There are 2 protein chains.
Amino acid sequence: MQVLLTFNINAHLYLRDPERSEIGKSIIKQSIELIYDIGFEQFTFKKLAQKIGSTEATIYRYFSSKHKLLTYILNWYWCYLEFIAKMHLQQVDDPREQLQLVLEIITHNDNNRSRIKDYNLEQLHSIVISESSKSYLVKEVDAINREMVFGPLKSFCQFMATIIATIDPEYKYPKSLASTLLETAHDQQYFSEHLPNLTDNKAGQAHKQYVLAYIQQLAFSVLNPNNYGKRARLH
Amino acid sequence: MQVLLTFNINAHLYLRDPERSEIGKSIIKQSIELIYDIGFEQFTFKKLAQKIGSTEATIYRYFSSKHKLLTYILNWYWCYLEFIAKMHLQQVDDPREQLQLVLEIITHNDNNRSRIKDYNLEQLHSIVISESSKSYLVKEVDAINREMVFGPLKSFCQFMATIIATIDPEYKYPKSLASTLLETAHDQQYFSEHLPNLTDNKAGQAHKQYVLAYIQQLAFSVLNPNNYGKRARLH
DNA sequence: TTAACTCGATAGTAATACTATCATTATTTT
DNA sequence: AAAATAATGATAGTATTACTATCGAGTTAA
């Protein structure tokens with residue numbers, strides 16, 4: 001197993017850095033598979049230990065709870081998305097095309113544009129869709145937030161918001177639009193797959209393409225292209 | 001305790017109908033208070049039993065699990081919202097004003113327009129914001145969905161979608177927009193309160209007003225008022 | 001008044017989410 | 001190569017959770 005990408009993930013999330021040992025990397029990799037397979041509620045350290053051929057005790061030496069492990073995985077994902085997005089954006093100048101590209105990335109409509117061996121990205125995406133809100137929809141959110149463990153998500157939103165603000169500097173809600181597009185990408189794919197009555201995806205197929213088309217229409221309806229460069233021109 | 005409103009809630013959700021006994025109504029009422037106070041994860045039937053001066057066994061005679069109880073409460077809320085919305089909408093003809101009104105209702109910006117003694121609506125709204133996704137973001141979603149326990153949510157979305165389709169019959173995503181506005185109303189209020197960096201609510205106050213202003217702008221940017229009545233005129 | 005129903009009380013179970021200890025095995029330092 | 005240090009495996013144990021089961025007392029309805 002070769003890890004190509006490593007990100008600086010908040011040390012509050014782990015006791016021992018999982019990137020620094022084979023068993024640690026195995027914990028992350030198999031967690032993704034296991035959470036994907038059985039869902040976060042059914043996921044336990046005991047089952048994970050069995051899967052990696054180790055014991056609960058060992059896993060507890062890396063993560064003090066399954067919630068922190070989930071947040072760790074999600075942080076990795078947000079760091080990864082921002083990295084990939086910034087990489088591809090270098091080739092694009094028009095901020096509208098940039099936003100388009102980011103929407104393709106967050107809906108995973110970028111056909112294998114990003115091949116990576118580390119973790120199973122399709123499973124990871126699926127976890128982000130169905131489990132990510134569980135990392136912050138908890139009573140202790142303010143306390144955990146103070147430890148900065150939601151940094152990568154905020155950073156990715158800020159990154160999207162900057163593009164949005166470039167397209168339309170008059171638009172008053174760049175950050176809210178960014179977080180809305182992100183959340184909507186997830187909700188709508190989940191709805192399209194499991195509660196299709198909450199969407200207009202009649203065909204019931206091609207969830208990702210449906211979601212992309214929808215949020216694209218949403219984003220570009222809200223932003224007024226006539227304002228592009230407005231603020232800049234004033235100077 | 002006097003219950004003014006009762007709705008037909010899917011019988012799959014309970015073993016004994018809580019509306020039909022004082023202790024049953026007490027279970028619902030105190031559940032709302034307790035889930036609001038300690039969050040769904042910390043919420044147990046044991047604690048609830050203590051609160052209502054009864055025992056776990058009694059509560060289990062009404063609900064087979066805390067998940068079903070949560071879904072029951074959420075169903076009540078969606079039935080209630082649809083009822084209130086339909087009531088107020090009778091006075092309004094313009095579908096744009098109708099949508100405006102619905103947005104006020106879902107963000108709870110309707111100042112005491114709906115006084116009700118049954119349950120604490122502010123707490124209920126708060127539960128909807130932070131716990132509602134937990135009722136469907138579970139591995140067994142397809143199985144539970146087959147029992148029609150998400151009917152009231154779907155019905156409310158359909159109701160919104162109809163208004164949206166009246167405003168702009170050309171718009172291709174009325175249901176997705178409805179579910180997006182609903183989810184966004186919740187996400188953005190949660191973010192505004194707990195992760196304000198994901199929003200543009202600088203003041204950090206007046207969360208509900210902020211959210212309303214934002215989703216209003218969102219909704220009416222997407223819908224083209226020029227298409228109002230278009231389809232009708234063709235006939 | 002007897003049957004049906006509801007509730008309270010108690011007991012019990014398997015699983016979960018940990019914590020603790022200790023011997024063994026690697027790894028690093030000298 | 002030996003000694004010191006650290007990581008792991010194995011095992012045990014605890015409080016809590018999410019139930020299930022049983023029994024007797026009180027209440028209501030025919």
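These numbers were taken from a predicted model, which means no experiment stands behind them.
For the segment residues 63-70 of chain B, the set of residues with a heavy atom within less than 4.0 Å of an atom of DNA chain D comprises B/Ser64, B/Ser65, B/Lys66, in numerical order.
Put simply, A/Arg61 has no side-chain N or O that comes within less than 4.0 Å of OP1 or OP2 on D/dT8. Residue A/Thr58 places no side-chain N or O under 4.0 Å from the OP1 or OP2 atom of D/dT8. Between B/Arg20 and the phosphate of C/dT6, there is no side-chain N or O to OP1/OP2 separation shorter than 4.0 Å. Contact between the side-chain N/O atoms of B/Ser54 and the OP1/OP2 oxygens of C/dG8 is found at a separation under 4.0 Å. In this structure, B/Tyr62 reaches the C/dC7 phosphate: one of its side-chain N or O atoms is under 4.0 Å from OP1 or OP2. Note on B/Thr55: every side-chain N or O is 4.0 Å or more away from OP1 and OP2 of C/dA9.
Taking the six-membered ring for Trp, A/Phe191 and B/Tyr136 have ring centres closer than 6.0 Å.
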Set out, in order, the CA-CA distance, both residues' side-chain angles and the distance that settles salt bridge (Lys or Arg N to Asp or Glu O under 4.0 Å) for A/Lys29 and A/Glu33, then state yes or no. CA-CA 7 Å; A/Lys29 190 166 192 182; A/Glu33 217 174 281; over 6 Å; no
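Regarding B/Tyr60, its OH atom lies at a distance of 5 Å from the C1' atom of D/dC19, rounded to whole Å.
Both B/Gln42 and A/Glu56 lie close to DNA chain D; mapped to their nearest nucleotides by heavy-atom distance, the more 5′-ward contact belongs to A/Glu56. Map A/Ala57 and A/Lys47 each onto its nearest nucleotide of DNA chain C; the residue landing nearer the 5' end is A/Lys47.
Note that B/Lys139 lies in the cation-pi zone of A/Tyr36, set by a 6.0 Å cut-off to the ring centre and a 45° limit from the axis.
Remark: the B/Thr199 side chain and the B/Tyr214 side chain contain no N/O donor-acceptor pair separated by less than 3.5 Å.
Classified by interplanar angle (parallel below 30°, tilted 30° to 60°, perpendicular above 60°), the ring pair B/Tyr80/B/Trp76 is parallel. Classification of the B/His186-B/Trp78 ring pair by plane angle, with boundaries at 30° and 60°, yields tilted.
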